[in-house]
Structures are given as structure tokens and as C-alpha cells.
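Remarks on the structure that follows.
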Protein chains: 2
Amino acid sequence: MKVSTRGEYGMRAMVSLARLYGEGPVPLSTIATESSVPPAYLEQLIGQLRRAGLVNSTRGANGGYELSRAPEDVRVGEVYRVMEGPVAPMVCVTEDMDPSEDLCPMIDGCATRLVWIKVRDGIVEALDSTTLGDLVQQNRKSDMLSGTGVS
Amino acid sequence: MKVSTRGEYGMRAMVSLARLYGEGPVPLSTIATESSVPPAYLEQLIGQLRRAGLVNSTRGANGGYELSRAPEDVRVGEVYRVMEGPVAPMVCVTEDMDPSEDLCPMIDGCATRLVWIKVRDGIVEALDSTTLGDLVQQNRKSDMLSGTGVS
DNA sequence: ATTATTCCTATCTGGCCGGTCGGAATTACG
DNA sequence: CGTAATTCCGACCGGCCAGATAGGAATAAT
């Protein structure tokens with residue numbers, strides 16, 4: 001059960017944008033470098049984030065991307081869902097589920113479903129209790145400790 | 001981020017075995033039917049579970065498989081790990097990690113790592129706080145309520 | 001013997017992840 | 001203006017691996 005590179009890269013890109021929040025549009029090339037994502041691929045991913053309304057874009061020279069909201073107002077769960085779809089360790093426990101549909105092939109109900117629901121809820125909790133703001137802040141703190149922040 | 005069919009099927013098979021615990025060896029064909037898993041495939045999977053020591057096997061006619069421990073003593077996390085490997089939503093946060101190795105390509109440490117660790121811990125908690133015993137018990141209870149248990 | 005079963009390992013196949021490419025549209029700037 | 005910097009869009013594609021299947025050898029009951 002791994003997060004795909006879409007999720008990984010998307011998250012990294014958003015953190016980069018969070019770090020540069022308030023300094024105007026950041027060109028794709030910069031984000032790509034800063035987040036170590038192949039530019040051509042990132043373009044695809046960031047398009048998704050834009051369509052989802054998480055980032056704004058400015059076209060033309062001096063254009064680029066920026067967060068549409070302050071980092072503290074963006075839950076990482078939002079980013080995750082845009083990139084990876086609804087949280088669902090298993091098809092039968094997807095977040096946005098119609099309660100009526102039960103496509104489990106099991107004879108008398110599936111006992112394992114209970115576990116997957118717990119797992120899903122664990123993931124959701126982890127994702128929705130953190131914001132991009134938390135991430136950059138935490139990271140800066142650890143930079144300080146390791147001395148990287150002092151030059 | 002989905003659990004593969006190995007995890008799904010493996011868990012189902014183990015629940016079947018948990019239900020039949022104490023009634024002697026259960027042939028593969030039975031488990032396959034009961035858990036709706038292709039027999040040939042299940043054979044492969046249950047082999048893993050056996051090698052991991054979670055099930056015992058008896059060969060020859062009247063042979064089959066059975067749990068090596070009581071259902072209440074088997075955490076679903078154990079089953080999960082046998083089928084899916086260490087819990088790791090992301091390579092850089094795998095459970096059985098050597099703390100020294102850090103293969104993150106990021107320049108100044110990866111801020112996103114914090115999320116993935118939280119996610120991982122959420123999953124681990126969900127998996128390790130439940131036993132096979134819990135599952136069959138819970139399921140029987142819901143059977144009662146829906147009337148399936150009454151004949 | 002014959003039958004029921006586990007055990008082993010080789011092989012196959014489709015889907016999709018992860019990525020590239022080319023070019024069109026848009027805007028700043030001198 | 002024209003040119004350079006940028007976003008935007010959709011088509012393409014190769015490789016890997018999940019998800020099986022197949023066949024046969026070993027083992028044990030009857």
C-alpha cells in the first residue's frame with residue numbers, strides 16, 4: 001500500500017509553494033528544481049492542482065503558480081485527494097461511498113471490512129489534522145536544530 | 001493507495017480459518033470457496049502465511065490448513081505484513097527502517113516526510129489494535145442483527 | 001493402488017504508473 | 001510591434017508488476 005509518485009510529487013510541490021507563499025507567482029521550473037520533480041511531469045500534476053482550485057496560475061512572462069490560500073488553511077488531505085482520489089485502502093471502503101452499494105463478493109458479509117474502515121479512518125485523521133503551514137514550520141524548526149538555517 | 005489483492009485475499013482467508021478454528025485442518029478448496037478467492041491463487045498466498053508461521057498445514061488426504069494460534073492472539077497487522085510487507089505509505093518511512101539511511105532526493109530535508117510518518121502510524125495503529133478474534137466476533141454480531149444468524 | 005490433498009516454481013498477460021514530447025495560447029518587456 | 005518567458009493541452013509510450021494460471025511432484029489416508 002504505497003502512495004504513488006503523483007501524491008508524493010504533488011505534496012512536495014505544494015510544500016515548495018507554501019514556502020514561497022506571498023512572493024508572487026513562482027514559475028514551474030523553480031518549483032520543479034526545489035521539489036526535485038521532472039518539470040514535464042510536474043506540469044501535468046500541477047494542472048490538476050490548479051483545476052481543483054488549490055493553486056492559481058498566471059500565464060505569460062513572469063507568470064507562474066501560487067497557493068490560492070494561505071498554507072495554514074490548506075489541509076494536506078486536500079492535496080492528497082486531488083492527486084490520489086478519495087482515501088480508500090480498499091474499494092469497498094472508499095470515502096465518498098454511496099452506503100447502499102455493497103459490491104463485496106462475500107457470502108455473508110465481509111468481516112475484514114471492519115479493519116479497512118479503521119485503516120481508512122486512521123489515514124484520514126493523519127491527513128486532515130495537518131496543514132501545509134504545519135509542514136513548513138516543522139521543517140524550518142528541524143533546519144535550525146541541524147544548523148542548516150545558519151549561514 | 002490501495003491494499004493489493006494479496007492483502008485482501010490473505011485477510012479473508014485468515015478470517016475464514018479463524019471461523020473454523022478448532023475443527024481440525026481445513027482443505028484449501030473450502031477456504032477458497034468461503035473467502036471467494038481463486039483456489040490456485042490462494043494456494044500461493046497461503047504458502048506465504050504458512051512460511052511465516054501463521055498457519056499450520058497437514059499434508060495428504062484429510063489434510064488442510066489451520067491457524068497456528070487462537071484467533072484472539074493474531075493481530076491483523078501480522079497478517080497484513082506477511083502479505084504486503086512492512087507498513088510504508090512511502091519508501092522513506094518504512095516500518096523496519098534503518099534510521100541512518102535517508103534516500104530522500106530533496107535538498108534540505110523533506111517536509112512532507114512528517115505527513116507520511118503520521119499516515120504510517122495511523123495505519124499501524126489500526127492494524128495492530130485488532131485481532132482476527134475481534135473480526136469474527138463483530139461479524140457474528142451483525143449477522144444476528146440482520147437476521148442471517150437465525151434459521 | 002487410488003484418491004485427496006499440500007507443495008513448488010515457471011509462465012503469462014493486461015493495465016497503468018510514470019514519464020516525454022510538441023506545439024498552441026498568453027502575457028511582459030524593450 | 002516582435003521576441004522571450006511562460007502556462008496550457010493532449011497525445012503518446014515503454015516497462016514493470018499485480019494477479020493470476022498451469023503442471024507436476026511429494027505426502028498421507030483408506
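Here is how names work: the chains are called A, B, and so on, in the same order as the sequence lines, proteins then strands, and each is numbered from 1.
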**Prompt:** More than 12 non-hydrogen atoms from neighbouring residues, nucleotides or ligands closer than 6.0 Å to CD on B/Gln137, yes or no?
**Reply:** no
**Asked** Taking OH from B/Tyr9 and C1' from D/dT21, how many angstroms apart are they, rounded to a whole number?
**Response** 14 Å
**Item:** Separation of C/dG18 C1' from B/Met90 CE (nearest whole Å)
**Value:** 13 Å
**Asked** For A/Leu42 and C/dG19, what is the distance between atoms CG and P respectively, to the nearest whole Å?
**Response** 11 Å
**Message:** Can you measure A/Gln44 atom CD to D/dG10 atom C1' for me and round it to whole angstrom units?
**Reply:** 9 Å
**Position toward the 5' end of DNA chain C (nearest nucleotide), B/Asn62 or B/Tyr65** = B/Asn62
**Asked** Once you round to the nearest 0.5 Å, how far does CZ of B/Arg113 lie from CG of A/Leu135?
**Response** 13.0 Å
**Sugar-phosphate, base or nothing in reach of B/Ser29, heavy atoms under 4.0 Å** = nothing
**Asked** Just checking B/Ile46: base, sugar-phosphate only, or nothing, at a heavy-atom cut-off of under 4.0 Å?
**Response** nothing
**Message:** For A/Gly60 and A/Arg51, find the nucleotide of DNA chain D closest to each by heavy atoms; which residue's nucleotide sits nearer the 5' end?
**Reply:** A/Gly60
**Request:** Go through D/dA29, C/dG18, C/dT6 for me and flag the one nearest to the B/Pro27 side chain.
**Result:** C/dT6
**Protein-nucleotide distance (B/Met1, atom CE; C/dC16, atom C1'), rounded to Å** = 18 Å
**Message:** So for B/Arg59 and C/dT6, does any side-chain atom that can act as donor or acceptor lie under 3.5 Å from a complementary atom in the base?
**Reply:** yes
**Item:** B/Thr58 side chain near C/dT6 phosphate (N/O to OP1/OP2, under 4.0 Å)
**Value:** no
**Asked** Is the phosphate of D/dA18, meaning OP1 or OP2, less than 4.0 Å from a side-chain N or O of B/Arg6?
**Response** no
**Asked** Over how many whole Å does the gap from A/Gln48 atom CD to C/dG18 atom P extend?
**Response** 13 Å
**Item:** A/Glu8 side chain to B/Thr112 side chain, donor-acceptor N/O pair below 3.5 angstrom
**Value:** no
**Request:** Rounded off to whole Å, could you give me the OH-to-C1' distance for the A/Tyr41 and C/dG22 pair?
**Result:** 19 Å
**Item:** Validation row: A/Arg19, A/Val26 side chains within 4.5 angstrom (heavy atoms)
**Value:** no
**Message:** Nearest whole Å is fine: how far is D/dA25 C1' from B/Glu43 CD?
**Reply:** 12 Å
**Message:** Working to the nearest 0.5 angstrom, can you tell me the gap between A/Arg50 CZ and A/Glu43 CD?
**Reply:** 10.0 Å
**Request:** Examine C/dG18: is either OP1 or OP2 under 4.0 Å from a nitrogen or oxygen in the side chain of A/Thr5? Give yes or no.
**Result:** yes
**Asked** B/Leu28 side chain: which of D/dA28, C/dG18, C/dT6 is closest?
**Response** C/dT6
